[in-house]
Amino acid sequence: MFKVSDLRFRYPKNQVDTIKGISFEFDKGEIFGFLGPSGMGKSTTQKLMIRILKNYQGEILYKGKNLNSYDKSIYNDIGVGFEMPVLFSKLTAMENLKFYRDLYPEGVKIRPLLERLGLWEDRHKRVAAFSKGMKSRLNFARAMINDPKVLFLDEPTSGLDPTNARIVKDMISEFRHNGGTVFLTTHMMHDVDELCDRVAFIADGQIREISSPKDLKVRYGKREIRLEYNDDGVASKQVFDLNSIKSNEEFFGILRTKDIITIHSGETTLDEIFIKVTGVKTHE
Amino acid sequence: MTIKYLIYELKKWVRDPMMIFLLAYPVIIASVVRFGVPYAQEQFQLSVAPYNHVLAAVLMLLTSAISGAVIGFSILDDRDDKILYAIDVSPVSFDIYMGFRFIMSFMLTYVGSVVALLIANLGGIPVYALLLVPVGIALFSFISAMFINFFASNKVEGFAMMKAGAMIIVFPIASLFFTDYKEFFFGFEPNFWAVKALSVAMLPTLEFNLGFWTYFTVGIFYAFGLNVVTYHIFKKRIMI
């Protein structure tokens with residue numbers, strides 16, 4: 001769907017490149033997570049892919065054709081959910097969505113979209129009176145209004161309570177199952193783990209790692225099992241090598257004879273991988 | 001799209017008390033001219049009839065500056081709401097989006113100027129001048145909207161810019177007191193040409209350097225060209 005090759009970009013007043021020759025691709029029907037600390041090139045890459053920024057070096061292909069060869073009708077295929085709400089604060093939710101839908105030759109029905117996101121009852125309220133979470137949900141609806149084929153989402157669950165975050169994540173999953181493609185930028189590693197087929201970690205304008213969350217967790221984790229059990233009234237812990245576990249009699253002996261408190265594999269989390277790969281904690 | 005866009009834009013205006021006041025302002029000033037000037041003439045035994053062309057010019061220039069401020073503030077609102085990002089990633093081009101604003105500022109100033117002149121009921125304005133001169137004036141309002149957005153990033157700054165920008169109308173008004181070659185000193189200000197055309201139409205017995213059509217045509221081309229140049233700078237300034 002999108003193929004990025006040796007992409008380089010420098011802001012006009014900067015001395016060094018912000019994007020330093022990155023390459024990646026993602027296919028139709030894939031949710032591709034693009035992760036990295038703030039200010040390391042994540043948003044710049046997204047802006048280049050949606051053509052807000054131009055004058056880059058390298059190549060970006062969309063459906064096999066150079067991105068620059070498309071006219072503005074390419075945006076009929078693309079929905080962009082910016083991190084900050086992009087909404088007319090003096091217009092109501094309904095007026096906002098009608099305005100945006102009218103920019104496109106085709107669009108989705110507004111009522112099911114607002115009902116799903118729990119905003120139908122507030123459709124006649126001005127956006128200025130909306131809470132942060134309501135704006136965030138309406139912003140997501142705006143990205144979906146043209147029935148896009150590709151969604152670029154920047155922190156789509158930011159400011160949402162768990163119930164509404166669940167709804168948005170379910171809608172993203174359904175969009176993918178219906179053949180849509182998603183480029184997801186977020187700091188929420190739980191969302192990434194749940195939604196993304198593959199992820200790329202970017203730091204200092206370079207891609208440090210690309211793979212599926214599962215593969216990364218296995219590769220960056222330890223091949224071990226940590227066992228916590230009750231040993232005659234005393235809580236004991238023991239670590240076993242996963243590579244030789246099938247012939248480890250001591251391990252199976254404990255399982256058979258002791259009361260097990262917890263069992264954990266050495267698989268790591270995406271949070272830990274993020275810190276290891278980028279060298280920065282996720283909240284930065 | 002066009003009609004719907006205009007309706008959304010009007011809704012934004014009427015939901016902002018400051019915009020409502022700005023839209024009413026030319027009508028208030030025109031009403032003051034209509035009822036206040038005859039009263040003052042009677043009270044102080046004065047005749048302002050020889051200066052009707054000055055009053056008409058002031059009314060039109062104020063209308064143009066106010067309309068420019070309305071459009072300028074509306075663009076500032078869009079910038080506050082980050083709407084230009086969304087337009088940038090839609091099939092509609094920035095030029096078309098701003099083109100609507102140009103048309104609205106033109107129409108608002110044109111209709112506002114004609115209505116203000118009709119309310120003020122100043123004698124001696126031929127119908128052709130009443131209908132044509134506001135065309136030249138209306139081309140200026142979008143320049144003033146862009147000017148506000150050059151320097152302001154919010155409405156408070158925008159209000160200061162509106163006042164600073166409105167000062168420029170002093171030049172065409174001052175030019176009305178010159179009829180020799182010195183009047184061209186004020187020719188850099190695009191409204192100069194329109195108000196001079198108005199003077200020719202309203203004061204047929206006076207000698208002017210140029211005729212109505214020359215002032216009018218030069219003014220149209222000059223204001224149009226200035227719009228094009230200003231728009232290019234404006235676009236670079238506010239584009240993401």
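The chains referred to below are lettered A, B, ... by the order of the sequence lines, with proteins before strands, and numbering in each begins at 1.
Considering OH of A:Y75 and OG of B:S93, their distance stands at 11.5 Å, rounded to 0.5 Å. From B:D16, atom CG reaches atom OG of A:S89 across 9.5 Å, with rounding to the nearest 0.5 Å. With rounding to the nearest 0.5 angstrom, the NZ atom of B:K12 is 11.0 Å from the CD atom of A:E95. Once rounded to the nearest 0.5 Å, the distance linking CD1 of B:I87 with OH of A:Y100 reads 6.0 Å. Taken to the nearest 0.5 Å, the CD1 atom of B:I96 stands 10.5 Å off from the CG atom of A:L103.
Within a 6.0 Å sphere centred on NZ of A:K63, other residues, nucleotides and ligands contribute more than 12 heavy atoms. By the 6.0 Å contact criterion, OH on A:Y70 is enclosed, its count of non-hydrogen atoms from other residues, nucleotides or ligands being greater than 12. The number of heavy atoms from other shown groups lying within 6.0 Å of CZ (B:F224) does not exceed 12. For A:D161, the CG atom sits in a packed shell: over 12 heavy atoms of surrounding residues, nucleotides or ligands are nearer than 6.0 Å. The 12-atom threshold is not exceeded at CZ of B:F221, counting heavy atoms of other residues, nucleotides or ligands nearer than 6.0 Å. More than 12 heavy atoms of other residues, nucleotides or ligands lie within 6.0 Å of NZ in A:K169, so this atom counts as buried by the packing criterion. With a 6.0 Å radius and a threshold of 12 heavy atoms from other residues, nucleotides or ligands, A:K54 has its NZ atom above the threshold.
Ring pair B:Y5/A:F99 is tilted by interplanar angle, where 30° to 60° counts as tilted.
Interface remark: B:D78 contributes side-chain atoms only to the contact with chain A (heavy atom separation under 4.5 Å). Only the side chain of A:V80 has a heavy atom closer than 4.5 Å to any heavy atom of chain B. Contact annotation for A:L91: both backbone and side-chain heavy atoms come within less than 4.5 Å of a heavy atom of chain B. Contacts between A:F152 and chain B at a heavy-atom distance below 4.5 Å are absent for every atom of the residue.
Among B:V89, B:D80, B:D77, the residue with the largest count of heavy-atom pairs under 4.5 Å with chain A is B:V89.
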Show, in sequence, the C-alpha distance, side-chain angles and deciding distance for B:K82 and A:F82, and conclude whether the side chain to side chain contact (heavy atoms under 4.5 Å, CB included) test is met.
CA-CA 10 Å; B:K82 310 280 187 285; A:F82 294 101; over 6 Å; no
Apply side chain to side chain contact (heavy atoms under 4.5 Å, CB included) to the pair A:K47 and B:D88, showing each step before the final yes or no.
CA-CA 11 Å; A:K47 282 178 182 170; B:D88 218 20; over 6 Å; no
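The backbone N or O of B:S90 sits less than 3.5 Å from a side-chain atom of A:K72, completing a donor-acceptor pair.
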